[in-house]
Amino acid sequence: MLGNFTYSNPTKLYFGEDSLKSLNEELPKYGERVLLVYGGGSIKKNGIYDQVIRILADNGKTVSEVPGVMPNPTVEKLYEGCRIAKENQVDLILAVGGGSCCDYAKAVSVSTYCEEDPWEKYFARMEDVDNPVIPVGCVLTMVGTGSEMNGGSVITNHEAKMKIGHIFGDNVFPKFSILNPAYTFTLPEYQMVAGFYDIMNHITEQYFSGTDDNTSDYIMEGLLKSLIHSSRIAKKDPANYEARSNIMWIATWALNTLVACGKTTDWMVHMIGQAIGAHTNATHGMTLSAVSMAYYRHICPYGLAKFRRFAINVWDVNPEGKTDAEVAEEGLKRMEDYMNELGLVMNIKELGVTEDMLEQVADSTILFQTDYKPLTRDDVIRILRASM
Ligand code: NZQ
Ligand code: ZN
């Protein structure tokens, strides 16, 4: 473990079938005015909205609302939330929904008292927060992003054709998150499996970096094995609580900063996926699955030892009598088969990307310094073309 790091995570988690009751423990810690943030209506259909409203009323809260937070929340929606939060002088933002609602709540939290355009400050220029922030709590209903226990907030600006994530510090992490695996049972299969792949990709984005002996890599191999096992069960039997609860827990650990400890990390699948999202508004997890195989095959020769290890330790490939490249490719092939088995989108055409858009998508892709094969714009276009 050669990297230096600091680790702390301030989010308190309540996990399990009875976890919503814990709102009664958390709500008294904040003032009377609560801003309830939720999506396009799923929580009204499955009854979670009514349960939350009842607990808020029991705790004497005055509730204002921002309904209609869309998947891939937009900058226009952010401005609306800031207006409502300010008008109502809210003391707590409670997000009830998936990663989009949690991300959105964090964006409103840092932006409401921001004196300039929050898109410019936090997303375009990536500056730190220097204004008051409003505390955030989450009740999670969709699994994948890890937003329930991290400082990430991803906002889409359709006009600028950019989808950008800002990783905020400890003061913006949710103060608490409530994780009831049974809440995820009503998710449509498309969203469910997209979330499964989001988790897998969060792990591989961090795993495929570095060449040192790093405990974080061993933790990630364990998380991946548990994810592959439970996701296969959940795909066949979505109401399997044991599988869904394991997956919910894996998602949190995949992106709550723990497994990044001592790692440089990669994140280029996410950067390309987000660029596709900015142009198509496609489901996040599917933007990742559609480009992953082309990306990993592109960088594999430059990080061969790690890809070989991935094949053996995660996909149980027998290395005997094979070259390193053959072992690595067999691992990637097993991953690809698994992705097909889940029913993930495996090409970008299906997400609405056409040949004439490739250059623009490449222009919207933020290029990170990565360990194995730093990408150029031409590499991105090559990967996109291979993903068509
Ligand atoms: O809007 P409603 O009606 O609630 O429907 C949602 C939405 O249509 C539905 N849904 C959620 N829970 C449900 C449900 N439907 C039925 N039953 C339930 N229990 O699912 C759809 C997708 O929800 P969304 O919140 O958009 O999905 P997800 O959790 O995948 O979040 C995606 C957003 O998170 C960002 C993505 O870029 C994207 O904007 N990310 C955030 C990250 C972070 N904070 O660290 C990291 C990720 O890599 C990701 O980038
Ligand atoms: Zn993701």
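What you see is a predicted model; the values in this text were computed from it and never measured. In what follows, every heavy atom counts, from backbone to side chain, and hydrogens, waters and symmetry copies are set aside. Whatever order the structure lists ligands and atoms in, that order sets their numbers, starting from 1.
Below 3.5 Å of separation, one finds an N or O of G41 facing an N or O of ligand 1. The shortest N/O to N/O separation between V154 and ligand 1 does not fall below 3.5 Å. Considering backbone and side-chain atoms together, G40 places an N or O closer than 3.5 Å to an N or O of ligand 1. Looking at ligand 1, you'll find an N or O of G99 within less than 3.5 Å of one of its N or O atoms. Considering backbone and side-chain N/O atoms, H270 comes within less than 3.5 Å of an N/O atom of ligand 1.
In K163, the part holding a heavy atom less than 4.0 Å from any atom of ligand 1 is the side chain. Residue contacts with ligand 1 for P188 involve side-chain atoms from C-beta outward but no N, CA, C or O (heavy atoms, distance under 4.0 Å). Of the heavy atoms in I167, none comes closer than 4.0 Å to ligand 1. Within the 4.0 Å heavy-atom criterion, the part of Y183 lying near ligand 1 is the backbone and not the side chain. Proximity of N150 to ligand 1, defined as any heavy-atom pair under 4.0 Å, is confined to the side chain (atoms from C-beta onward).
Atoms NE2 of H202 and NE2 of H284, as seen from the Zn ion (ligand 2), are separated by an angle of 170°, to the nearest 10°. The Zn ion (ligand 2) forms the vertex of an angle spanning OD1 of D198 and NE2 of H270; to the nearest 10 degrees it equals 120°.
The number of heavy-atom neighbours closer than 6.0 Å to NZ of K349, taken from other residues, nucleotides and ligands shown, is 12 or below. A 6.0 Å sphere centred on CG of N4 holds no more than 12 heavy atoms belonging to other residues, nucleotides or ligands. More than 12 heavy atoms of other residues, nucleotides or ligands sit less than 6.0 Å from atom NE2 of H158. By the neighbour-count criterion of 12 heavy atoms within 6.0 Å, atom CD of E242 is sparsely surrounded, having that number or fewer from other residues, nucleotides or ligands.
No side-chain donor-acceptor contact under 3.5 Å links D371 and Y302. At a cut-off of 3.5 Å, with distance as the only test, a side-chain donor of S292 or Y197 sits close to an acceptor on the other residue.
Protein heavy atom in closest approach to atom 30 (O) of ligand 1: M142 CE, 3.4 Å. Summary of contacts: the protein heavy atom closest to atom 46 (C) of ligand 1 is T145 O, 3.7 Å. Nearest non-hydrogen protein atom to atom 49 (C) of ligand 1 is H284 NE2, 3.3 Å. The nearest heavy-atom contact from the protein to atom 18 (C) of ligand 1 is T186 OG1, 3.4 Å. Looking only at protein heavy atoms, the nearest one to atom 38 (C) of ligand 1 is N72 OD1, 3.5 Å. Looking from atom 3 (O) of ligand 1 to the surrounding protein, the closest heavy atom is S42 N, 2.9 Å. Of the protein's non-hydrogen atoms, Q191 OE1, 3.4 Å is the one closest to atom 22 (C) of ligand 1.
Comparing S100, P71, G97, G273 against atom 32 (C) of ligand 1, the shortest heavy-atom distance belongs to S100. Considering I155, V69, D198, L187 only, the shortest heavy-atom separation from atom 14 (C) of ligand 1 involves L187. The residue among T141, T283, V269 with a heavy atom at the shortest distance from atom 12 (N) of ligand 1 is T141.
For the pair R54 and D50, the salt-bridge criterion is not met [side-chain N within less than 4.0 Å of a carboxylate O]. Between D379 and R382 there is a salt bridge, with a side-chain nitrogen of the basic residue lying less than 4.0 Å from a carboxylate oxygen of the acidic one. The pair R83-E80 does not meet the salt-bridge criterion, since no charged nitrogen lies less than 4.0 angstrom from a carboxylate oxygen. We find that K235 and E341 are not joined by a salt bridge, their nearest charged nitrogen and carboxylate oxygen being 4.0 Å or further apart. A salt bridge links E359 with R377: the distance from a Lys NZ or Arg NE/NH1/NH2 to an Asp or Glu carboxylate oxygen falls below 4.0 Å.
Aromatic ring pairs are classed by plane angle as parallel below 30°, tilted from 30° to 60° and perpendicular above 60°; the pair F176 and Y30 is tilted. Between F307 and F208, the angle of the ring planes stays under 30°, which puts this pair in the parallel group of the 30/60° scheme. Ring geometry for Y207 against F310 counts as tilted: the plane angle lies between 30° and 60°, on a 0 to 90° scale.
For ligand 1, the atoms sitting less than 4.0 Å from at least one non-hydrogen atom of S147 are 44 (N), numbered in the order shown with element in parentheses. Taking every heavy atom of D103 and a limit of under 4.0 angstrom, the matching atoms of ligand 1 come to 34 (O), 35 (C), 40 (N), 41 (C), 42 (C), 43 (C), 44 (N). Atom numbering of ligand 1 starts at 1 in the shown order; those under 4.0 Å from a heavy atom of L255 are 45 (O), 46 (C).
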Under the side chain to side chain donor-acceptor pair (under 3.5 Å) rule, what do Y338 and S231 come out as? Steps first, then yes or no, please. CA-CA 10 Å; Y338 160 84; S231 58; 2.7 Å; yes

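Between L288 and H284, the closest side-chain pair of non-hydrogen atoms falls below 4.5 Å.
Within 4.0 Å of atom 6 (C) of ligand 1, not a single protein heavy atom is present.
Using a 4.0 Å cutoff on heavy atoms, H202 counts as a contact of ligand 1.
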